Amino acid sequence: MINRLLSGDRPRSRLLAGVLALILIGLAFAPFLFPGTKSLDTAARICIFIVLAASYDLLLGYTGVVSFAHTMFFGIGAYGTALALSSLGPSFTAIVLGTAGGTAIAAALALAIGLFSLRVKAIFFAMVTLAVASAFAVLVSQLSGLTGGEDGLTYKIPRALGPAFKLMDGKIFGVRINGRLLCYYLVFFSALVLFLGLLRVVNSPFGRTLKAVRDNAFRAEAIGYRVVWYRTTATVLSAAVAALAGALLAIWIRYTGPATTLSMEIMIDILLMVVIGGMGTMYGAVIGATLFILAQTYLQTLMASAEHATEALPLIPLLVAPERWLLWLGMLFILSVYFFPDGVVGRLRSRR
Amino acid sequence: MAIEAPVLTTQDLTIRFGGHVAVDQVSCAFERGTLTAIVGPNGAGKTTYFNLISGQLRAYSGTVTLNGEDITRLGVPERCDRGIGRAFQLTNLFPTLSVRENVRLVVQAQARRGFDLFSRADSHIELIERAEHVLAEVHLLDQADQPVSALPHGDQRKLEVAMMIALAPQVLMFDEPTAGMSVDEVPVILDLIRELKNDRDRTILLVEHKMDVIRSLADRIIVLHNGQLVADGDPAEVMKSPIVQEAYLGNAPEDGQEAPAKSASEEVARG
Amino acid sequence: MSSTAIRPKLVAASPAERLKSAAPLLLAPVLAGLGFAAIGDGATWLTLTVAGLAMGLMIFIMASGLTVVFGLMDVINFGHGAFVSVGAFVGFTVLAWLAGWTQSPVVMLNLLAVFLAILASMAVTGGIGLMFERVIVAPVYGHHLKQILVTMGGLIVAQQLIHVIWGPDAIHLSRPPSLQGAVIFGEAAIEKYRLFAVAVGLVLFVGMRHVLRSTRIGLLVRAGVENGEMVEALGYRIRRLFLLVFMAGSALAGLGGVMWGLYQETITAHMGSEIMVLVFVVVIIGGLGSIEGCFIGALLVGLLSNYMAFLAPKVALVSTIALMVGVLMWRPQGLYPVVKAK
Amino acid sequence: MADILLRLAGVHTHIGPYHILQGVDLEVPRGGVSVLLGRNGAGKSTTLRSIMGLWTPSEGEIHFDGARIDGQSTPAISRAGIAYVPENMGIFSDLTVGENMTLAAASGKMDPQRLSWIKELFPPIATFWDRPAGTLSGGQKQMLSVSRAIIEPRKLILIDEPSKGLAPAIIRAMTDALRQLKETETTILLVEQNFQMAKSLGDTVAVMDDGRIVHAGTMAELAADSDLQERLMGLSLEVHQ
């Protein structure tokens with residue numbers, strides 16, 4: 001059963017299996033294990049970023065294509081849902097329409113970019129996506145009438161997903177069973193399904209073909225695979241899933257703006273998650289996203305206390321200030337590309 | 001016997017790299033059930049000619065026709081779909097994947113399964129079995145689980161041939177299939193080619209340098225030299241013709257000074 | 001007769017083929033013409049055209065280093081923007097020290113201060129380029145995917161270090177008086193600084209061409225772009241050449257940073273990565289590795305951005321993307337793709 | 001044999017995942033022309049590239065003029081006195097013939113006497129001096145590539161298939177030029193498939209197959225022994241004679 005759900009792609013390391021099980025249990029029972037708004041928010045973000053990072057891994061790890069437009073697709077999904085919720089009112093119909101619309105637009109845009117720039121060198125794709133994504137981000141903040149510009153959009157979600165909605169009176173294990181909890185499980189199960197779906201895709205005949213294309217595109221053509229179409233399909237698929245992740249974020253935080261969806265910083269976060277977790281493994285996205293979001297949430301607090309503790313010293317407080325968190329991540333990123341190109345998952349697997 | 005239309009034809013096929021004409025108006029027809037050896041000195045344009053037929057290069061002028069269909073403008077995978085299979089001179093495989101997976105990918109392409117997104121690749125037993133069958137034919141089944149990069153050179157050459165056989169093409173193009181193989185491995189490949197030839201259903205093109213191989217296999221030889229087709233016919237006679245002797249051995253009569261080209265840089269075509 | 005029949009055949013390029021290779025040269029004039037038709041007003045057009053040329057040439061300064069580094073070393077430096085930012089900060093710091101000179105009404109002192117600022121920023125960014133090549137880039141030669149990731153990492157670290165050194169806020173600085181204000185040509189007002197930028201950009205382009213065409217180093221660079229292996233086989237240490245070119249490219253980015261900073265009169269740690277979007281567009285349009293293509297691409301992007309900023313300001317950046325799409329549909333490898341021997 | 005200029009002992013070279021040279025033992029005596037014969041894919045070019053340091057051998061030793069050179073960088077090997085004429089000729093097509101020659105004189109300037117000797121040897125070098133090298137014909141490019149190798153005095157010149165793709169008349173001109181070069185006491189290691197050319201130039205000969213040397217001896221011996229030819233020609237040449 002588990003083997004089927006995982007599409008036959010087992011963790012292939014006891015330690016890795018253990019860690020993954022721990023993450024799964026932690027997320028599945030997060031409202032009960034870690035009560036409190038902040039920790040539930042962290043858990044939901046982990047779910048969303050696992051999907052986002054996994055969809056990026058489909059591109060980076062399995063197809064060998066570097067894209068800087070992943071946050072653009074993430075943003076399109078979020079804005080689609082956000083626009084539908086703010087214009088049609090807080091209904092499930094709005095969520096469905098917005099999500100479907102955003103995903104379709106993201107997929108169409110990915111198709112256009114893919115067909116247009118994947119024909120030539122892979123390096124073109126990286127540069128083209130960077131340019132397109134930046135132009136898109138600027139466009140979104142310029143079209144403030146529609147998108148709310150830099151301020152973004154704040155909107156209501158259906159009452160059934162809000163804290164005011166009570167499913168039952170009383171508490172279970174001291175936790176209120178309300179709409180917020182329902183919303184969390186909507187996020188959790190959507191993320192779980194999407195992740196398992198991606199896992200199936202990479203283990204499907206299509207996924208195997210992607211690996212072949214990544215290894216030797218020339219030969220893949222010579223045995224009858226239309227390389228551009230495979231790369232493009234992977235791009236479209238990865239964009240669609242990113243858009244769905246964006247929709248989940250839009251529903252969860254009830255706000256959509258450039259800083260939470262489109263910024264280059266998030267793009268870099270995704271890159272870090274996938275590279276540190278381990279490219280081309282899918283499970284790497286789980287590990288990477290979990291580690292990263294936990295670190296982002298809790299390490300910065302730690303850094304703040306370090307800043308205080310070192311106040312008297314020169315320079316050091318500047319380097320350990322919470323705002324400098326990206327500095328350390330950047331270094332970690334460079335070091336992991338050099339020394340752990342297979343990431344955490346690769347390390348765990350080679351230990352056996 | 002009624003004369004069947006040729007399977008594959010090239011008509012005035014030409015390609016230039018900058019000012020250098022690498023294949024020059026080569027017209028040739030290949031019939032079903034025949035094995036044609038293509039010979040010529042290094043740099044004569046044999047591999048370039050192959051590239052034009054299988055689609056890695058697009059012709060500057062002229063046409064390639066397969067079963068009456070003009071395929072000159074088609075890409076590599078399209079030509080592959082229509083039945084042109086190619087084994088490469090420089091081994092060209094998926095190095096990080098296993099031997100079985102290399103062949104399975106070919107079978108999967110053949111079965112048009114590449115865009116199957118939602119089934120599990122390891123659930124298609126028939127594809128795996130077919131792959132193993134081909135591997136058994138080239139005596140590689142024992143190494144099926146090894147990554148390709150761990151295989152000795154000779155076995156990689158065998159895998160190269162196995163991948164083309166797995167494609168089950170109408171036209172099989174071998175570019176020096178035995179290059180770099182040890183003496184005892186060569187017969188395996190030659191037997192395979194002979195078997196394919198005995199099918200009488202396939203058209204085989206073979207670039208080869210070893211004369212004994214050509215003698216034992218070829219029905220016909222065409223000779224390329226400096227991109228031009230200079231001889232065509234029965235192996236024994238062609239090898240005796242003065243133009244071939246000249247092409248290989250360089251004992252030609254005096255001729256004029258070469259004219260300089262006036263065009264841009266010349267690109268080396270790679271197979 | 002028989003032997004002439006099998007001689008290798010060589011043919012000359014037809015006039016049509018030659019025209020094709022010259023066609024990109026016409027693009028900038030054509031675009032300027034279209035701009036004139038769309039804008040209608042001669043004075044406005046002249047102002048915008050000079051602004052476009054100035055912007056284009058400043059982008060060229062930054063992009064040229066990136067493209068030469070790619071052509072020679074096959075390295076794509078996504079961290080190039082860091083050198084732009086660092087260059088701007090160093091330049092502004094020097095200008096702030098020389099406040100007495102920059103605020104003086106004496107033109108020579110103004111220019112001397114700017115010159116010193118440029119010199120300092122080029123020295124610093126060149127030096128950082130040395131470290132960057134040795135530490136970040138050298139281990140990943142020949143591996144594009146890792147290069148993209150690692151240089152991106154370098155960019156993040158560099159931006160953060162700018163925050164540590166210069167603080168998180170944007171820095172404002174007015175241009176020296178002699179580079180402020182405008183010159184009046186008929187009815188058109190043209191900012192002096194733009195003329196200055198055009199002059200610097202043109203001098204640099206001509207100088208760069210001279211170095212590449214007529215010096216031994218230039219010959220080696222051009223030879224190395226085509227066949228690095230053969231350069232080594234002739235006894236040259238190509239790694240030294242790589243380092244030199246990488247440092248020069250970084251220093252040019254630094255110069256571009258100072259120029260761009262003075263143009264905007266405001267600098268931030270992110271200015272480099274922001275301008276990199278246009279730099280990438282220019283490099284792609286020109287064809288990776290080509291100085292001439294980069295020059296034409298930069299002019300096109302500069303002109304188009306300024307015309308569109310006047311005609312339809314909201315889609316100015318999007319229009320450059322459309323330009324890139326158009327060029328790539330016409331020539332999938334860019335205007336002047338660099339052909340490698342292997 | 002007298003003085004050995006270059007010696008390869010048990011050289012193995014891998015290219016990526018592929019094991020190309022599988023223990024090459026080769027000796028090149030000082031002076032004269034040594035020919036390396038072998039069919040396509042036998043490893044001849046890889047041998048030259050390994051000597052030149054363009055591939056690094058994974059095993060074995062290469063000694064040149066008393067010093068060990070395997071593991072050294074290509075520029076260092078070049079400066080030790082080895083010139084290389086690669087199979088693809090390696091000319092810089094964007095540079096003029098003159099610029100190609102200038103770069104080949106690593107010391108900075110060309111010796112005028114040597115240059116005029118080269119121009120005599122290969123007249124097209126003088127004729128097309130100011131033309132971009134990319135516009136030359138194949139034969140002229142080959143002449144340029146050889147000229148670059150000899151613009152400075154070198155102890156050893158590695159030449160990879162100079163006859164490849166050339167018309168017979170040009171091959172003869174090239175053969176004559178190499179013969180003249182031979183008289184200047186330069187040692188040449190020549191890779192060839194054209195037996196006619198190999199025979200008329202070579203003093204010693206080695207035949208390669210499957211990444212190993214399968215025969216080594218004098219050219220006279222090989223030219224005289226038709227049985228030996230019969231046995232080796234199948235390996236080394238495209239056609240039996």
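All of these numbers come straight from a predicted model, not from anything done at the bench.
- The distance from atom CD of D:E99 to atom CZ of C:R216, rounded to the nearest 0.5 Å, is 11.0 Å.
- Proximity of a side-chain donor or acceptor of D:Y84 to a complementary backbone N or O of C:M230 within less than 3.5 Å is not detected.
- Looking at D:A80, there are no atoms closer than 4.5 Å to chain C (heavy atoms on both sides), in backbone or side chain.
- The neighbour count for D:R7 CZ, taken as heavy atoms of other residues, nucleotides or ligands under 6.0 Å away, does not exceed 12.
- From D:L95, atom CG reaches atom CG of C:L219 across 5.0 Å, with rounding to the nearest 0.5 Å.
- Using a distance-only test at 3.5 Å, with no hydrogens or angles considered, a donor-acceptor pair links the side chain of D:S78 to the main chain of C:A233.
- Nearest approach of D:R79 to C:G235, heavy atoms of both residues: NE-O, 2.5 Å.
- Residue C:E229 holds its CD atom at 10.0 Å from CE of D:M52, rounded to the nearest 0.5 Å.
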Legend entry - Verdict with supporting geometry, C:E226 and D:S93, side-chain contact (heavy atoms from CB on, under 4.5 Å): CA-CA 8 Å; C:E226 192 179 337; D:S93 54; 2.7 Å; yes
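- Residue contact with chain C, scored on non-hydrogen atoms closer than 4.5 Å, is absent for D:A83.
- Rounded to the nearest 0.5 angstrom, C:I238 CD1 and D:T74 OG1 are separated by 10.0 Å.
- Proximity of a side-chain donor or acceptor of C:R222 to a complementary backbone N or O of D:D94 within less than 3.5 Å is detected.
- Closest heavy-atom contact between C:A223 and D:L103: CB-CD1, 3.7 Å.
- The environment of C:R240 atom CZ is sparse: at most 12 non-hydrogen atoms of other residues, nucleotides or ligands sit within 6.0 angstrom.
- Within a 6.0 Å radius of CD1 in C:I217, no more than 12 heavy atoms belonging to other residues, nucleotides or ligands are found.
- Between C:L234 and D:F92, the closest side-chain pair of non-hydrogen atoms falls below 4.5 Å.
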